[in-house]
A.B. asks: 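For reference, the structure I am asking about is given below.
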Amino acid sequence: MEGNSTSSTDFIFMGLFSTEETSGLVFATISVIFITALVANGIMIFLIHTDTHLHTPMYFLLSHLSFIDMMYISTIVPKMLIDYLLGQRTISFVGCTAQHFLYLTLVGAEFFLLGLMAYDRYVAICNPLRYPVLMSRRICWIIIVGSWFGGSLDGFLLTPITMSFPFCSSREINHFFCEAPAVLKLACADTALYETVMYVCCVLMLLIPFSVVISSYARILATVYHMSSVEGRKKAFATCSSHMTVVTLFYGAAIYTYMVPHSYHSPSQDKIFSVFYTILTPMLNPLIYSMRNKDVTGALRRALGRLKSSHQVSGNF
């Protein structure tokens, strides 16, 4: 039935649900991750905007990271889950173009934002006296606008070129969404020059922000190492290590996909690495960056307390 209703311009996803034995488990796992990501990021945004204790530059940036993560995972996962339930695997040319553009824009914005958030932590720990000046409200907005501009530029630059190539008769994308490397494999034209341009873009969008993250946390760890408080040193090391784990997964998986030559990895490996930075990271970010933070847990307790007291007041009436 799928073949009869498929347009000649439609693409067909090979997807993650390739084997009947594991497809149900994979579907359930991704569904749980998706719901957790939406709820956790939604709670973060709500707490940061309603609790005055969280009206600081760090949490302002975190609220935008949570918003990007919610948008980011929603461009890929809902369609994948619905297609599984309906027994479909197709996506229209327009749908693929839109997904490709949104994905590039959002992931690009997150690449830049994570790098600049590491700079925020560096200033807070290594230059605390200058923090109000170096991370003013104006600077925070420049960081947000700059991140979105960088991501949008990537989307507007690469999407039209990627989708303008002539595609061969086989329109099966060996992936679970319209990611550039997988789509380009279907092109009937020489894509060598474009892949070089894309590689340069990846250097700018991946290696530079990742270098900022590494250098910022290296300076932070050096400062923390010389702290007189043993407890403070342990806490800072634990926080930095958890942050670095998530960031390394995010940047590392993307670097592997876009910068390692295709001859060194298979389509199945591409899918696995893509899962790390498209599905897992949006769930892990709020849990690692915020939910383990005492300020956030305190804000959550205050919000639950207000909710409980409001129910008691309404019950008295």
Side-chain angles (χ1 to χ4, degrees), residues 40-41 44-45 47-49 51-69 107-148 150-151 205-252 254-255 277 281-299:
N41 283 294
M44 277 305 308
I45 294 172
L47 292 177
I48 290 170
H49 284 277
D51 195 298
T52 55
H53 294 84
L54 301 182
H55 291 177
T56 64
M58 180 183 77
Y59 292 111
F60 177 74
L61 298 179
L62 275 173
S63 69
H64 284 270
L65 178 67
S66 290
F67 176 72
I68 290 173
D69 281 336
V107 76
E110 184 153 337
F111 285 146
F112 289 119
L113 184 57
L114 282 174
L116 293 168
M117 284 173 63
Y119 168 76
D120 166 75
R121 292 297 81 209
Y122 159 73
V123 174
I125 295 174
C126 301
N127 293 287
L129 298 179
R130 300 188 63 196
Y131 185 74
V133 177
L134 294 177
M135 290 302 299
S136 64
R137 192 73 172 176
R138 178 174 171 271
I139 297 298
C140 287
W141 275 111
I142 289 175
I143 288 174
I144 297 301
V145 172
S147 298
W148 278 106
M205 295 188 63
L206 287 171
L207 291 187
I208 293 178
F210 190 46
S211 299
V212 172
V213 171
I214 295 296
S215 59
S216 295
Y217 277 106
R219 296 291 297 275
I220 289 171
L221 290 174
T223 302
V224 167
Y225 181 75
H226 293 95
M227 280 184 175
S228 56
S229 171
V230 176
E231 189 64 30
R233 194 159 56 230
K234 287 182 179 179
K235 180 181 176 182
F237 273 124
T239 302
C240 288
S241 62
S242 60
H243 288 188
M244 280 303 302
T245 300
V246 176
V247 168
T248 301
L249 278 175
F250 185 62
Y251 284 106
I255 288 170
Y277 69 91
T281 300
M283 180 193 70
L284 292 176
N285 276 338
L287 301 179
I288 296 296
Y289 275 95
S290 309
M291 292 302 182
R292 296 176 64 220
N293 188 300
K294 288 183 179 180
D295 293 335
V296 176
T297 54

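Note that the structure is a prediction, hence the values are computed from the model and not measured. For this chain, numbers begin at 1 and follow the sequence in order.
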A.B. asks: Within the structure provided, determine whether Asn127 and Tyr122 are in side-chain contact (heavy-atom separation under 4.5 Å).
C.D. replies: yes
A.B. asks: Would you indicate whether the side-chain heavy atoms of Ile139 and Leu134 approach each other to under 4.5 Å?
C.D. replies: no
A.B. asks: So which heavy atom on Phe111 is nearest to which on Met205, and how close?
C.D. replies: CB-O, 3.3 Å
A.B. asks: So, for Met283 and Leu287, which heavy atoms are closest and what is the spacing to 0.1 Å?
C.D. replies: O-CG, 3.3 Å
A.B. asks: First locate atom CD1 of Ile214, then atom CG of Leu207, and finally report the distance between them rounded to the nearest 0.5 Å.
C.D. replies: 11.0 Å
A.B. asks: Between CD1 of Ile220 and OG of Ser215, what distance do you get to the nearest 0.5 Å?
C.D. replies: 9.5 Å
A.B. asks: Should Met44 and Ser63 count as side-chain neighbours, where that means a heavy-atom distance under 4.5 Å?
C.D. replies: no
A.B. asks: Among Tyr59, Trp141, Phe112, which residue meets the ring pair (Phe, Tyr, Trp, His ring centres under 6.0 Å) test with His64?
C.D. replies: Trp141
A.B. asks: Can you tell me if Tyr131 has over 12 outside heavy atoms packed within less than 6.0 Å of its OH?
C.D. replies: yes
A.B. asks: Nearest 0.5 Å, what's the CG-OG1 distance between Asp295 and Thr56?
C.D. replies: 7.5 Å
A.B. asks: Indicate yes or no: at least one non-hydrogen side-chain atom of Met117 is less than 4.5 angstrom from one of Val213.
C.D. replies: no
A.B. asks: side-chain contact (heavy atoms from CB on, under 4.5 Å) between Ile48 and Phe60: does it pass, once the steps are laid out?
C.D. replies: CA-CA 7 Å; Ile48 290 170; Phe60 177 74; 5.8 Å; no
A.B. asks: What closest approach, in Å, do Tyr251 and Gly115 show between heavy atoms, and which atom pair accounts for it?
C.D. replies: OH-N, 3.5 Å
A.B. asks: So, for Ala299 and Leu47, which heavy atoms are closest and what is the spacing to 0.1 Å?
C.D. replies: O-CD2, 3.7 Å
A.B. asks: I need the minimum non-hydrogen distance between Cys126 and Thr223, along with the two atoms involved.
C.D. replies: SG-OG1, 3.1 Å
A.B. asks: Evaluate side-chain contact (heavy atoms from CB on, under 4.5 Å) for Ile255 paired with Phe210, printing each intermediate quantity in order.
C.D. replies: CA-CA 10 Å; Ile255 288 170; Phe210 190 46; 4.2 Å; yes
A.B. asks: Taking Thr248 for the side chain and Thr245 for the main chain, is one N or O donor matched with an acceptor at less than 3.5 Å?
C.D. replies: no
A.B. asks: Would you say Ser136's side chain and Pro132's backbone share a donor-acceptor pair under 3.5 angstrom?
C.D. replies: no
A.B. asks: Any heavy-atom pair between the side chains of Arg219 and Ile125 that's under 4.5 Å?
C.D. replies: no
A.B. asks: For Pro57, does its backbone N or O pair with a side-chain atom of Asp120 as donor and acceptor, under 3.5 Å?
C.D. replies: no
A.B. asks: Take atom NE2 in His55; do more than 12 heavy atoms of anything else shown fall under 6.0 Å from it?
C.D. replies: yes
A.B. asks: How many angstroms lie between atom SG of Cys140 and atom CE of Met135, to the nearest 0.5 angstrom?
C.D. replies: 4.0 Å
A.B. asks: Could you check whether any side-chain heavy atom of Ser147 comes within less than 4.5 Å of a side-chain heavy atom of Leu116, counting everything from C-beta outward?
C.D. replies: yes
A.B. asks: With a 4.5 Å heavy-atom cut-off, do Thr281 and Glu110 have their side chains touching?
C.D. replies: yes
A.B. asks: Going from CG on Leu113 to CD1 on Ile144, what distance comes out if it is rounded to the nearest 0.5 angstrom?
C.D. replies: 5.0 Å
A.B. asks: Roughly how far, to the nearest 0.5 Å, is the CG atom of Leu249 from the CG atom of Leu284?
C.D. replies: 7.0 Å
A.B. asks: So Asn285 and Phe250, do their side chains get closer than 4.5 Å, heavy atoms only?
C.D. replies: no
